[in-house]
Amino acid sequence: MRLATWNVNSVTARLPRLVDWLQRAEPDVLCLQETKVAEFPVAELAALGYEVAAYGLNRWNGVAIASRVGLADVTRGLPEEPGFPDPEPRAIGATCGGVRVWSVYVPNGRTPDSPHYGYKLHWLAALRKALADELRAPGEGTPGSAGAYADLVVTGDFNVAPADSDVWDPAAFVGSTHVTPAEREAVAALLTLDLRDIVPRPLKGDNPFTYWDYRAGMFHQDMGMRIDLVFATAGLAGQAADAYIDREARKGKAPSDHAPVVVDFAARIAAIPEK
DNA sequence: ATGCCTTATTTCATAAGA
């Protein structure tokens with residue numbers, strides 16, 4: 001199974017590039033973030049053989065999962081997620097090819113002294129709780145919850161750089177969000193659910209960055225961040241034959257400010273529904 | 001070269017992104 005994640009920064013603005021990229025990269029499952037639409041263009045992706053489950057309400061946020069290996073048990077939102085003040089469309093889950101998949105767009109946080117920062121930490125805690133329930137980790141989870149997915153991937157734009165090596169210059173981020181200990185601990189807490197961080201290889205240079213600001217030529221100077229993450233259950237992560245950042249998708253006219261991350265899991269599709 | 005910000009909307013300005 002080839003799984004990918006991509007913050008497209010508006011699926012409407014990115015649709016031509018998204019269609020081109022799907023035809024070139026041929027992922028089995030694609031998790032999307034910042035779709036920024038209430039009505040996802042499902043027909044355009046259906047023409048390429050993808051089913052789509054989308055969750056979007058307005059001009060902000062929005063997530064989706066496109067799959068050509070089945071799309072079942074769709075869940076929109078997290079059971080105990082906080083809102084600002086209302087819940088925002090930042091998480092969608094589905095079962096694709098036998099793997100439980102979550103596409104997430106973690107709140108930005110803005111600045112450490114902003115109310116959005118606390119919202120971000122609470123949201124990450126709610127994400128951990130939801131995943132714990134589905135994985136039924138020892139001593140955790142809600143009694144009676146459905147749970148017990150053997151293979152699970154949670155991926156998307158986490159808006160957290162897990163380590164200093166995940167930003168182009170740690171000194172430039174002092175006092176900023178995305179790198180604070182509390183944010184990194186909230187993300188690291190997800191990994192205690194026996195998940196693994198699949199760090200993709202860059203296709204050029206040494207930095208596994210997935211995001212580069214549009215401004216000031218940040219991309220061509222490789223002044224970026226790794227904030228788009230792929231966390232997989234240990235058994236599944238062990239099947240990752242390759243993982244890379246498709247920087248080609250960040251080039252050229254009208255790109256997203258994020259590049260797709262692609263992971264190839266070897267021989268891991270449990271059951272592709274006959275269609 | 002990869003190239004100097006972009007998106008949707010309450011649009012000739014604003015909020016948000018990270």
Side-chain angles (χ1 to χ4, degrees), chain A residues 5-18 20-21 24 32-41 54 56-64 83-86 88-90 104-121 123-124 156-180 182-184 186-187 202-229 244-261:
Chain A
T5 185
W6 194 8
N7 178 326
V8 289
N9 186 17
S10 171
V11 72
T12 305
R14 220 62 61 211
L15 191 56
R17 289 190 70 127
L18 174 60
D20 286 347
W21 188 81
R24 180 163 57 84
L32 295 161
Q33 300 86 38
E34 283 207 85
T35 53
K36 295 185 173 179
V37 283
E39 301 293 328
F40 192 99
L57 298 177
N58 55 30
R59 65 182 290 196
W60 305 117
N61 315 306
V63 287
F84 201 91
D86 299 317
E88 299 175 314
R90 295 180 175 276
V104 300
Y105 176 50
V106 177
N108 174 287
R110 300 193 185 179
T111 60
D113 61 355
S114 164
H116 290 267
Y117 181 80
Y119 170 47
K120 181 179 193 174
L121 296 179
W123 198 93
L124 282 166
D157 181 354
F158 282 73
N159 273 317
V160 176
D164 279 353
S165 57
D166 294 317
V167 299
W168 61 272
D169 180 8
F173 288 87
V174 172
S176 299
T177 53
H178 296 62
V179 299
T180 65
E183 289 166 273
R184 286 176 169 170
V187 168
L203 296 184
K204 181 180 180 182
D206 299 323
N207 302 308
F209 300 154
T210 64
Y211 161 86
W212 302 261
D213 194 293
Y214 283 125
R215 290 166 285 193
M218 299 279 276
F219 175 62
H220 72 268
Q221 299 172 75
D222 202 22
M223 297 163 71
M225 309 171 75
R226 184 174 76 100
I227 53 176
D228 299 274
L229 310 176
Y244 66 93
I245 303 146
D246 189 354
R247 68 191 306 281
E248 296 298 317
R250 181 64 178 77
K251 297 180 182 178
K253 185 178 176 61
S256 170
D257 43 3
H258 296 249
V261 176

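Protein chains get the first letters and strands the later ones, always in sequence-line order, with residue 1 at the start of each.
- Comparing the C1' positions of B:dA15 and B:dT10 gives an interatomic distance of 11 Å, to the nearest angstrom.
- Between the side chains of A:Y211 and A:N159, not a single donor N or O lies within less than 3.5 Å of an accepting N or O.
- Remark: the separation of the C1' atoms in B:dG3 and B:dA16 is 24 Å, to the nearest Å.
- The P atoms of B:dC12 and B:dA1 are separated by 39 Å, rounded to the nearest whole Å.
- For the P atom pair drawn from B:dA8 and B:dT2, the interatomic distance equals 26 Å after rounding to whole Å.
- Separation of atoms CG (A:N108) and CD1 (A:I227) is listed at 8.5 Å; rounding is to 0.5 Å.
- With rounding to the nearest 0.5 Å, the separation of CE in A:M225 from OG1 in A:T210 is 8.5 Å.
- Between A:Q221 and A:R14, the one whose closest nucleotide on DNA chain B sits nearer the 5' end is A:Q221.
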Open item on the list: What does the B/S/- profile of nucleotides 10-18 of chain B look like, 5' to 3', with a 4.0 Å heavy-atom cutoff to protein?
Closed with: -----BSBB

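- Rounded to whole Å, the C1' atom of B:dT6 lies 15 Å from the corresponding atom of B:dT11.
- Atom P of nucleotide B:dG3 and atom CZ of A:R247 are separated by 10 Å, given to the nearest angstrom.
- Atom NZ of A:K253 is separated from atom C1' of B:dC5 by 13 Å (rounded to the nearest Å).
- Residue contacts for A:S256: at a heavy-atom cut-off of 4.0 Å it reaches no nucleic acid atom on any strand shown.
- The interatomic distance linking A:L15 (CG) with B:dA8 (P) rounds to 12 Å, in whole Å.
- Rounding to the nearest 0.5 angstrom, the gap separating the CG atom in A:N7 from the NE2 atom in A:H258 is 3.5 Å.
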- [ ] Tell me, with the steps shown, if A:H178 and A:F158 meet side chain to side chain contact (heavy atoms under 4.5 Å, CB included).
- [x] CA-CA 9 Å; A:H178 296 62; A:F158 282 73; over 6 Å; no

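- A:K36 and A:N9 are linked by a side-chain donor-acceptor pair at a separation below 3.5 angstrom, with hydrogens and angles left out of the test.
- Distances were taken from every side-chain heavy atom of A:S10 (C-beta onward) to each of B:dC5, B:dT7, B:dT2; the shortest belongs to B:dT7.
- Here B:dA8 presents its P atom at 18 Å from CD of A:E88, a figure rounded to the nearest Å.
- Applying the salt bridge (charged side-chain N to carboxylate O under 4.0 Å, His left out) test between A:R226 and each of A:D164, A:D166, A:D157 identifies A:D166 as the sole match.
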